[in-house]
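Labels below follow one simple rule: chain letters A, B, ... track the order of the sequence lines, proteins then strands, and each chain is numbered from 1.
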Protein chains: 2
Amino acid sequence: MKLSFDALKQQLKDREISLSHQRLKVLAFLCRSRGHPTADEIYLALREEIATLSKTTVYNTLRVLEESGMVQAIGIEDHETRFDLSPPDHGHFKCLSCGTVSDVPMDIQALFPEAMNHWRVDETQVNFKGICPDCLSGEEESK
Amino acid sequence: MKLSFDALKQQLKDREISLSHQRLKVLAFLCRSRGHPTADEIYLALREEIATLSKTTVYNTLRVLEESGMVQAIGIEDHETRFDLSPPDHGHFKCLSCGTVSDVPMDIQALFPEAMNHWRVDETQVNFKGICPDCLSGEEESK
DNA sequence: TCCTACTTTGTAATGGTTACATCCGAGAGG
DNA sequence: CCTCTCGGATGTAACCATTACAAAGTAGGA
Ligand SMILES: [Mn+2]
Ligand SMILES: [Mn+2]
Ligand SMILES: [Zn+2]
Ligand SMILES: [Zn+2]
């Protein structure tokens, strides 16, 4: 469940991160984005609104948001990081056919073995790869 | 639990992958390796045995082994892939302090929600990040 | 021996990400 | 208004793991 844009703005204030025009635009894009965009996708989409936008600014902003805990970097792909505004309480599924990255509702907090309680866990990611229902039905049709 | 080198050689034969000198060396290195080496670590280590070894060969071999299902590529790090010869029935933990990647025994096969049985899952990875016990005790000492 | 398919090798290219120097722009203070 | 300052934004170059590609080597069969 995503937070509203206004709530996110408030979070920026609370963390004393100045609400620059570019940062708000990146945040708004993540907010209205249904999937899990890459830095490049964010850049290409926002460049239509901010003609002078630099890709470095997108990376800088994403790092600021990530360090503040508002955004999570998803490493489900080898050479392309995806970004998620939602709280990190779910897994992700990448369809090897269409490339979509979907949410997988599940409790990932309780995964780490209790027997290993001497370890400090800061982050948990659960990544699945396979074929999504849409692509599966497409495969059957082509038989 | 890792298979013996001889058992691995047999697997190559079964899959009709020719047992070239370089492939056997890569496999032997993964077999005796305790951690989860990167392609570069494999290359540097084996270059002492095979002076003419090319890094491309290491990557080619790893891809062949991965496609045959004998080796798993672990994407716990953003910028470098690690390789695991063990069966993919466990999670991984990366210590943000010392960089070690450890195994986390757990049943990752039963993780995908049964409600999503219309999805075909080919691969599951569970990645934790945090601080390992060794580094935690080190932090306490330095207080 | 010759042929052919496979493997290895070296080098160049790729592409996401980061480092760095420079530029800009909103305020504070005069 | 003017100027100073500093965080943020920008553009370019560098980084670096990985891949593409072409050339060279190799084993095995006819
Ligand atoms: Mn998500
Ligand atoms: Mn492992
Ligand atoms: Zn799909
Ligand atoms: Zn450690």
Side-chain angles (χ1 to χ4, degrees), chain A residues 9 12-13 15-29 35-68 70-84 94 99 101, chain B residues 9 12-13 15-29 35-68 70-84 94 99 101:
Chain A
K9 262 170 70 175
L12 282 183
K13 283 184 191 167
R15 292 159 210 259
E16 294 181 344
I17 298 170
S18 60
L19 288 67
S20 77
H21 184 228
Q22 285 82 350
R23 283 178 186 165
L24 290 177
K25 283 292 186 181
V26 169
L27 207 50
F29 180 82
H36 300 83
T38 64
D40 197 57
E41 285 168 357
I42 298 169
Y43 168 69
L44 291 177
L46 290 185
R47 204 174 47 166
E48 298 182 5
E49 302 176 38
I50 314 172
T52 63
L53 181 65
S54 157
K55 198 177 271 191
T56 303
T57 298
V58 175
Y59 278 108
N60 285 342
T61 300
L62 288 170
R63 198 179 63 243
V64 167
L65 296 177
E66 189 186 352
E67 286 173 353
S68 82
M70 295 179 64
V71 159
Q72 190 190 20
I74 302 171
I76 198 172
E77 307 207 57
D78 285 344
H79 289 314
E80 210 168 51
T81 307
R82 289 173 175 272
F83 296 90
D84 195 348
K94 162 150 195 184
V101 174
Chain B
K9 264 169 69 174
L12 282 182
K13 284 184 192 167
R15 292 160 209 260
E16 294 180 345
I17 298 169
S18 60
L19 288 67
S20 76
H21 185 227
Q22 284 83 348
R23 283 177 185 163
L24 290 177
K25 284 292 187 183
V26 169
L27 208 49
F29 180 81
H36 301 83
T38 64
D40 196 57
E41 285 168 357
I42 298 169
Y43 168 69
L44 291 177
L46 290 185
R47 203 172 48 166
E48 298 182 6
E49 302 176 36
I50 314 172
T52 63
L53 182 65
S54 158
K55 198 177 273 191
T56 303
T57 298
V58 175
Y59 278 107
N60 286 342
T61 300
L62 288 170
R63 197 178 63 245
V64 168
L65 295 177
E66 189 186 352
E67 286 172 354
S68 82
M70 295 178 63
V71 158
Q72 190 190 21
I74 303 171
I76 197 172
E77 305 206 58
D78 286 344
H79 51 291
E80 66 186 7
T81 308
R82 289 171 175 273
F83 295 90
D84 195 349
K94 162 149 195 184
V101 174

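The side-chain hydrogen bond (donor to acceptor under 3.5 Å, both in side chains) pairs that include a residue from residues 58-67 of chain B number zero, where partners must be two or more places apart or lie in different chains.
One can place CD of B:Glu41 at 13 Å from C1' of D:dA17, the figure rounded to the nearest angstrom. Between A:Leu62 atom CG and D:dA9 atom P the separation is 12 Å, expressed in whole Å. Spacing between atom CG of B:Leu46 and atom P of C:dT9 amounts to 11 Å, rounded to whole angstrom units. Rounded to whole angstrom, the span from the CD atom of A:Gln22 across to the C1' atom of D:dT10 amounts to 9 Å. Distance A:Arg63 CZ to C:dC20 P: 12 Å, rounded to the nearest Å. Per the geometry, CZ belonging to A:Arg47 stands 18 Å off P belonging to D:dA9, to the nearest Å. Rounded to whole Å, the distance from CZ on B:Arg15 to P on C:dC6 is 19 Å. The nearest whole Å value for the distance from the NZ atom in A:Lys25 to the C1' atom in D:dT10 is 18 Å.
Nearest heavy-atom pair across A:Phe83 and A:Ala73 is CE2-CB, 4.1 Å. The shortest heavy-atom contact between A:Leu19 and A:Leu24 is O-CD1, 3.8 Å. Looking at every heavy atom in both residues, A:Ala39 comes nearest to A:Val58 through O-CG1, 3.8 Å.
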Could you list the protein-to-nucleotides 24-26 of chain C atom pairs, N/O on both sides, closer than 3.5 Å?
none

Find every protein N or O atom lying less than 3.5 Å from an N or O atom of nucleotides 11-17 of chain C, and list the pairs.
from   : atom 1 : to      : atom 2 : distance (Å)
C:dT11 : O4     : B:Thr56 : OG1    : 3.3
C:dT17 : OP1    : A:Thr81 : N      : 3.0
C:dT17 : OP1    : A:Thr81 : OG1    : 2.8
C:dT17 : OP2    : A:Tyr59 : OH     : 2.4
C:dT17 : O5'    : A:Tyr59 : OH     : 3.3

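Under the salt bridge (charged side-chain N to carboxylate O under 4.0 Å, His left out) criterion, A:Glu80 pairs with no residue, sequence neighbours left out. Not a single side chain to side chain donor-acceptor pair (under 3.5 Å) links B:Lys9 to another residue, sequence neighbours left out.
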Pairs of donor and acceptor atoms involving the side chains of residues 46-55 of chain A, under 3.5 Å and at least two apart or interchain, shall be tabulated with distances.
from    : atom 1 : to      : atom 2 : distance (Å)
A:Arg47 : NH1    : A:Tyr43 : OH     : 3.4
A:Glu49 : OE1    : A:Lys25 : NZ     : 2.9
A:Glu49 : OE2    : A:Arg32 : NH2    : 3.0
A:Ser54 : OG     : A:Thr56 : N      : 3.1
A:Lys55 : NZ     : A:Asp40 : OD1    : 2.6

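Between D:dT10 and A:Thr57, a contact under 4.0 Å exists linking OP1 or OP2 to a side-chain N or O.
Note: B:Asp78 CG to A:Thr81 OG1 = 5.0 Å, rounded to the nearest 0.5 Å.
Looking at A:Ser18 and A:Arg23, their side chains do bring a donor and an acceptor atom within 3.5 Å of each other.
Within 4.0 Å (heavy atoms only), A:Asp78 reaches no atom of the nucleic acid at all.
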